[in-house]
Protein chains: 2
Amino acid sequence: MATRADWEQKALSEVAAGGLARLAIPALARSLGVTKGSFYWHFQNLRQLVGSALRRWEEMDRDALDEVHEIADPRRRLIALFRDAMHKRQAHALYVALSAADAAEVRSSLRRINRRRLRFLIEAYRELGFPPKKARDRATLAYAAYVGALHLRYQNSGALRRNDDLDGFVAHSVETLIP
Amino acid sequence: MATRADWEQKALSEVAAGGLARLAIPALARSLGVTKGSFYWHFQNLRQLVGSALRRWEEMDRDALDEVHEIADPRRRLIALFRDAMHKRQAHALYVALSAADAAEVRSSLRRINRRRLRFLIEAYRELGFPPKKARDRATLAYAAYVGALHLRYQNSGALRRNDDLDGFVAHSVETLIP
DNA sequence: ACCTGAACACCGTTCAAGT
DNA sequence: ACCTGAACACCGTTCAAGT
């Protein structure tokens with residue numbers, strides 16, 4: 001017997017490990033010790049499983065942001081965010097793996113996550129004294145750099161895969177993006 | 001009768017439009033007026049088609065870079081690159097669509113493209129007078145911002161989809177990333 | 001040289017039947 | 001309430017046979 005949560009967790013780790021394309025019901029069923037027919041008692045279809053799993057993931061991402069948000073100094077808060085981006089593989093690999101999906105549910109999740117992070121950044125820059133428009137532009141640039149760095153690091157085809165000068169890169173980025 | 005090139009071009013436009021997941025041999029065959037069996041005379045399998053198509057794409061990307069490279073002033077060269085990123089949908093949609101693929105051929109293509117673009121940026125920053133290490137860090141940051149901006153703009157779940165303040169954003173980014 | 005058409009394995013989905 | 005097992009459509013792949 002497998003619960004909804006079981007399916008969702010297995011799905012998340014499959015996607016983080018092998019991408020959305022490798023997600024298959026028979027494999028999940030086998031590793032849960034049931035037949036694939038049982039899947040359809042819990043979910044209407046594969047898309048719905050992905051959608052449900054993503055809600056879990058959104059919560060995790062929100063919690064991570066909230067944790068960083070508790071840092072009072074906006075400078076140090078931003079630095080913590082960039083540093084995390086280069087060091088929490090499992091969490092960010094999911095973002096990267098999902099980012100090219102065309103399923104509507106995945107896109108909605110990504111949209112919500114992107115908006116939340118962007119608001120987080122805008123707020124930090126406002127606290128640093130940026131006027132509204134400039135805070136938004138700088139936050140957007142910083143978030144673009146953040147997203148791009150995630151891709152380059154966790155995509156297996158990028159430039160930031162080695163751990164060598166990662167600290168140097170983060171330091172330089174912080175210096176450039178945060179006055 | 002369909003040539004290799006026919007299959008490759010149809011494949012590229014399919015992927016740019018609907019992502020790698022929507023690429024299917026029967027659909028390609030139908031739109032080329034042949035049966036799917038004929039596909040296997042030209043290619044060993046779907047992966048190989050994708051690999052071949054990507055070589056075409058790499059050429060296009062290289063040509064685009066070369067064109068920008070003809071701009072003598074490194075400042076103006078970098079600005080042109082960022083501006084293009086926000087305005088050449090078709091070309092960049094492919095990069096975004098492919099960036100989460102796990103096929104080995106796709107990853108190799110992306111790696112080559114990423115390296116070429118990064119070298120391009122490093123060279124520009126060196127011409128601007130940056131010392132080697134700093135040129136590399138700044139170029140990496142700029143490329144991360146570039147890649148992230150592509151994703152946010154062409155991914156249907158990002159923050160840069162509207163055309164409103166795109167120019168403002170580009171201007172601010174250029175100002176921040178280029179001294 | 002290039003293609004058809006039938007075949008097979010595999011995955012998503014449905015559903016009647018089991019406990 | 002939760003699952004099995006068989007069925008079906010669909011896609012990737014193979015291959016003998018056609019022109």
Side-chain angles (χ1 to χ4, degrees), chain A residues 1-57 94 97-98 100-109, chain B residues 1-57 94 97-98 100-109:
Chain A
M1 250 187 53
T3 69
R4 258 183 94 96
D6 290 335
W7 287 98
E8 289 166 8
Q9 266 161 342
K10 272 272 188 291
L12 283 183
S13 51
E14 283 284 309
V15 172
L20 248 195
R22 265 213 247 298
L23 188 65
I25 297 172
L28 291 179
R30 226 174 303 125
S31 79
L32 288 171
V34 293
T35 63
K36 64 178 178 169
S38 108
F39 169 86
Y40 289 90
W41 190 87
H42 294 286
F43 303 93
Q44 285 192 9
N45 49 38
L46 189 58
R47 277 171 86 115
Q48 203 196 55
L49 166 64
V50 173
S52 285
L54 291 185
R55 258 176 271 147
R56 283 183 170 276
W57 173 58
L94 250 177
L98 292 171
D102 51 329
E105 292 85 356
V106 179
R107 287 205 315 257
S108 310
S109 275
Chain B
M1 250 189 51
T3 70
R4 256 183 97 94
D6 289 337
W7 286 98
E8 289 166 8
Q9 267 162 342
K10 272 272 189 292
L12 283 183
S13 51
E14 283 284 309
V15 171
L20 248 195
R22 267 213 247 297
L23 188 66
I25 298 171
L28 291 179
R30 226 174 303 127
S31 80
L32 288 171
V34 294
T35 63
K36 64 178 178 168
S38 106
F39 169 85
Y40 289 90
W41 191 87
H42 293 285
F43 302 93
Q44 286 192 9
N45 49 37
L46 189 56
R47 278 171 85 116
Q48 203 195 56
L49 166 62
V50 173
S52 286
L54 290 186
R55 260 177 270 147
R56 284 184 168 273
W57 172 58
L94 249 179
L98 291 171
D102 52 328
E105 292 86 355
V106 179
R107 286 205 313 256
S108 310
S109 275

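Throughout, a chain's letter reflects where its sequence line sits, starting with A, and its residues are numbered from 1. Atoms considered below: every heavy atom in the structure, side chains included; atoms not considered: hydrogens, waters and symmetry mates.
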Colleague: Do Arg55(B) and Ser109(B) make a side-chain contact, defined as non-hydrogen atoms from C-beta onward lying under 4.5 Å apart?
Modeller: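 Contact flag for Arg55(B)/Ser109(B) side chains = no.
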Colleague: May I ask you to say what Leu23(B) touches in the nucleic acid, namely base, sugar-phosphate or nothing, with a heavy-atom cut-off under 4.0 Å?
Modeller: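 Sugar-phosphate, backbone atoms only, no base.
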Colleague: Of all heavy-atom pairs between Val106(B) and Leu98(B), which one has the smallest distance, and what is that distance?
Modeller: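 Smallest heavy-atom distance, with atoms named: CG1-O, 3.6 Å.
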Colleague: Do you know the tightest heavy-atom contact between Ala29(A) and Thr35(A)?
Modeller: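 Looking at all heavy atoms of both residues, the closest pair is CB-C, 3.7 Å.
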Colleague: Relative to the 5' end of DNA chain D, which residue comes earlier, Lys36(A) or His42(A), by the nucleotide with the nearest heavy atom?
Modeller: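 Going by which nucleotide is closer to the 5' end, it is His42(A).
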Colleague: For the residue pair Ala16(B) and Leu94(B), what are the closest heavy atoms and their distance?
Modeller: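 Smallest interatomic distance, heavy atoms only, reads CB-CG, 4.0 Å.
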Colleague: For DNA chain C, report each stem as range with range, ordered by first number, or say none. Use Watson-Crick or G-U wobble pairs under 3.5 Å, at least 3 in a row.
Modeller: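 The stems are C:4-8 with D:12-16, C:12-16 with D:4-8.
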Colleague: May I ask you to decide whether Glu8(B) forms a salt bridge with Arg4(B), counting only side-chain N to carboxylate O separations under 4.0 Å?
Modeller: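 A salt bridge links Glu8(B) with Arg4(B).
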Colleague: Closest nucleotide of DNA chain C for Ile25(A) versus for Gly37(A): which of these residues is on the 5' side?
Modeller: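 Looking at DNA chain C, the more 5' nearest nucleotide goes with Ile25(A).
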Colleague: Roughly how far, to the nearest 0.5 Å, is the CG atom of Leu12(B) from the CZ atom of Arg56(B)?
Modeller: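 So the CZ of Arg56(B) and the CG of Leu12(B) are separated by 7.5 Å.
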Colleague: Between Glu14(B) and Arg22(B), is the closest basic N to carboxylate O distance under 4.0 Å?
Modeller: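 No.
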Colleague: Contact boundaries of DNA chain D with chain B (under 4.0 Å, heavy atoms), 5' to 3'?
Modeller: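 From 5' to 3', the first and last contacting nucleotides are dG12(D) to dT14(D).
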Colleague: Report yes if the side chains of Leu49(B) and Ile25(B) come closer than 4.5 Å at any heavy-atom pair, otherwise no.
Modeller: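 Side chain of Leu49(B) against side chain of Ile25(B), heavy atoms only: no contact under 4.5 Å found.
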